[in-house]
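Accompanying notes for the structure given below.
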2 protein chains.
Amino acid sequence: MTSRKTTAEPVKEESVDEGAPWMKGLHADAGYLLYRLGLRSGQLFNAALQRSGLRLRHYALLRYLATVEGAAQRELSQELGYDPSAIVGLVDDLERLGFVERRPAPDDRRRRIVALAPAGHDFLRDSDEVARGVTDELLAPLGAGEREMLHVLLSRVAHTDGG
Amino acid sequence: MTSRKTTAEPVKEESVDEGAPWMKGLHADAGYLLYRLGLRSGQLFNAALQRSGLRLRHYALLRYLATVEGAAQRELSQELGYDPSAIVGLVDDLERLGFVERRPAPDDRRRRIVALAPAGHDFLRDSDEVARGVTDELLAPLGAGEREMLHVLLSRVAHTDGG
DNA sequence: ACAAACCGTTGTTGACGTCAATGGTTGTTG
DNA sequence: CAACAACCATTGACGTCAACAACGGTTTGT
């Protein structure tokens, strides 16, 4: 997974402006927009984090770990919404980079507590700007107030769907 | 999707009201939310359309065809944001179902105009409810006014992707 | 002690996006 | 008119990604 060939910005189309690109009339269903924008957001995030060799998921995991001070992988899976099998690879990568460390739970020997390492903290501090820049780019057409509004709305939607 | 923007505007990481399922504290970045919600939306859409044997992409394509009355595949690719190679399979499926038909362009024999067939219109009318139901389910926690607001915001974001 | 439930891990499958290459077609240039 | 470049639809390959099933190791309940 640490093999990436595409460079930072090789893509450039001849014309971008004029006319909204991919949706004209009725496609503008909210669900569809969400789907499309989600795809795009993921792309942007991953592209931005690519320089660090990580992806959006790694970042999300680190971000969560920063708030809880140690969590079992099961908990990570549940809280982040990723499959347990996905957590394995993620923690593997992060552990290999020294950003997190796995240690056995004292009371339950099948559990493995994943905790943020100092290097992880540092990385988090640095990449914070990156993530912020991505969101900034994504929500460029919106003003500060609108962004906040969108953020609130999305949060509300997110909270009551899968959990 | 082609240009990088370097907007240097300070954004504050305000807190979401309460933390329920999968994002506790800082994850509630708008970009990440978009990514996550997009995934969920895609899932829901595909699950709902599965009974028809189609996917969200097929639906999007039909939806677009309903607005333009015939389009070359190149145009579809450009407008929908899918790769030309993806369009081929999509049109294949839809043609096999009798929802669309490929006809040669009168002036350009290498082009193939994809047009909506009557069966496609019917399906579109039916699946319209389905899509509405999905969006309804997805945006359940939001009121009518909020949905409208979210829709507007998402549209704005979607339209101004690169410039 | 035994079975059921749980945790992390592995492997597989199917969908998706990107890129490279091909055959057929058009427009252009000498 | 002939050769060449650009274009369109199509196919194929490659890597990524998410969802599901299955497996050892471990704990809990009976």
Side-chain angles (χ1 to χ4, degrees), chain A residues 1-7 9-14 22 35-36 38-47 49-50 53-58 60-61 71-95 100 102-114 162, chain B residues 1-2 22 35-47 49-50 53-58 60-61 71-78 80-95 100 102-114:
Chain A
M1 65 151 11
T2 38
S3 63
R4 209 60 180 208
K5 54 158 190 212
T6 51
T7 57
E9 53 270 88
V11 270
K12 201 63 183 176
E13 288 171 15
E14 70 288 4
W22 36 272
Y35 165 70
R36 223 69 184 72
L39 229 53
R40 194 168 144 60
S41 175
Q43 278 177 237
L44 281 177
F45 251 109
N46 285 326
L49 287 170
Q50 181 180 348
L54 296 181
R55 316 211 184 303
L56 178 51
R57 313 204 183 137
H58 298 114
L61 204 158
Q73 300 188 198
R74 189 72 177 184
E75 180 185 348
L76 292 175
S77 164
Q78 209 160 350
E79 295 293 327
L80 294 171
Y82 297 138
D83 197 79
S85 57
I87 302 291
V88 178
L90 261 45
V91 176
D92 279 354
D93 298 338
L94 292 174
E95 195 177 29
V100 304
R102 265 190 260 236
R103 27 170 149 182
D107 56 335
D108 203 334
R109 232 192 316 186
R110 56 193 164 170
R111 280 194 185 179
R112 297 202 173 181
I113 305 295
V114 183
Chain B
M1 149 182 298
T2 48
W22 40 273
Y35 164 70
R36 222 68 186 69
L37 253 30
L39 271 184
R40 196 123 194 102
S41 176
Q43 279 176 235
L44 282 177
F45 252 109
N46 285 325
L49 287 170
Q50 185 176 355
L54 296 182
R55 312 189 181 292
L56 180 51
R57 309 158 135 232
H58 298 111
L61 204 158
Q73 299 186 198
R74 189 72 175 183
E75 180 185 348
L76 291 174
S77 164
Q78 210 160 348
L80 294 171
Y82 297 136
D83 197 79
S85 57
I87 302 291
V88 178
L90 262 45
V91 177
D92 279 353
D93 298 339
L94 293 174
E95 195 177 29
V100 304
R102 265 191 261 237
R103 22 207 252 179
D107 57 334
D108 203 332
R109 233 191 316 185
R110 57 194 161 168
R111 279 194 185 179
R112 298 204 172 181
I113 304 296
V114 183

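Within every chain, numbering begins at 1; the chains are lettered A, B, ... in the order of the sequence lines, protein sequences first and strands thereafter.
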Heavy-atom count check: over 12 atoms from other residues, nucleotides or ligands less than 6.0 Å from B/Arg103 CZ? no
Distance check: side-chain N/O of A/Arg112 vs OP1/OP2 of C/dC7, anything under 4.0 Å? no
Side-chain N or O of A/Arg111 versus OP1/OP2 of C/dG8: is the shortest distance under 4.0 Å? no
Regarding the side chain of B/Val88, the nearest nucleotide among D/dA19, D/dA9, C/dC19 is D/dA9
Pairwise distance CZ(A/Arg111) to CD(A/Gln73) - rounded to 0.5 angstrom: 11.5 Å
So B/Tyr35, base contact, sugar-phosphate only, or nothing? Heavy-atom distance under 4.0 Å. sugar-phosphate
When rounded to whole Å, the CG to P distance for the pair B/Asn46 and C/dG14 reads 16 Å
Side chain of A/Ala72 only, heavy atoms from C-beta on: which candidate in C/dG8, C/dT9, D/dT11 is closest? C/dG8
Starting at atom CD of B/Gln78, determine the distance to atom P of D/dC7, rounded to an integer number of angstrom. 12 Å
Given D/dC8, is OP1 or OP2 found less than 4.0 Å from the side-chain N or O atoms of B/Gln73? no
Does the side chain of B/Glu75 come within less than 4.5 Å of B/Gln78's, by heavy atoms? no
Atom CG of A/Leu39 and atom C1' of D/dC17 are separated, to the nearest Å, by 11 Å
Expressed as a whole number of angstroms, how long is the span from B/Arg103:CZ to D/dC8:C1'? 18 Å
Side chain of B/Asp108, heavy atoms from C-beta onward: which of C/dT26, D/dC8, C/dG11 has the nearest atom to it? C/dT26
Whole-Å gap separating P (D/dC8) and CZ (B/Arg102): 16 Å
Which of D/dC8, D/dC20, C/dT18 is nearest the side chain of A/Ser85? It is D/dC20
Rounded distance in Å - CG (B/Leu80) to C1' (C/dC16): 15 Å
For B/Ile87, report the nucleic acid contact type (base, sugar-phosphate, nothing); a contact means any heavy atom under 4.0 Å. nothing
Write down the distance between OH (B/Tyr82) and P (D/dC8), rounded to a whole number of angstrom. 21 Å
When you check the phosphate oxygens OP1 and OP2 of D/dA19, does a side-chain N or O of B/Gln43 lie under 4.0 Å from one of them? yes
For C/dA15, give its Watson-Crick or G-U wobble partner with both distances under 3.5 Å, or none. D/dT16
Report yes if some heavy atom in the side chain of B/Asp83 is under 4.5 Å from a heavy atom in the side chain of B/Ile87; otherwise report no. no
Per the atom types in the model, does the base of D/dC7 pair as donor or acceptor with the side chain of B/Arg110 at under 3.5 Å? yes
Considering heavy-atom distances to DNA chain D, does A/Arg109 or B/Arg74 have its closest nucleotide positioned more toward the 5' end? B/Arg74
Between B/Asn46 (side chain) and B/Leu56 (backbone), is there a donor-acceptor pair under 3.5 Å? yes
A/Arg55 side-chain proximity, nearest of D/dC17, C/dG8, D/dA9: D/dC17
Would you check if B/His58 and B/Asp93 make a side-chain contact, meaning some heavy-atom pair closer than 4.5 Å? yes
Distance check needed: D/dT16 C1' versus A/Asp93 CG, whole Å only. 13 Å
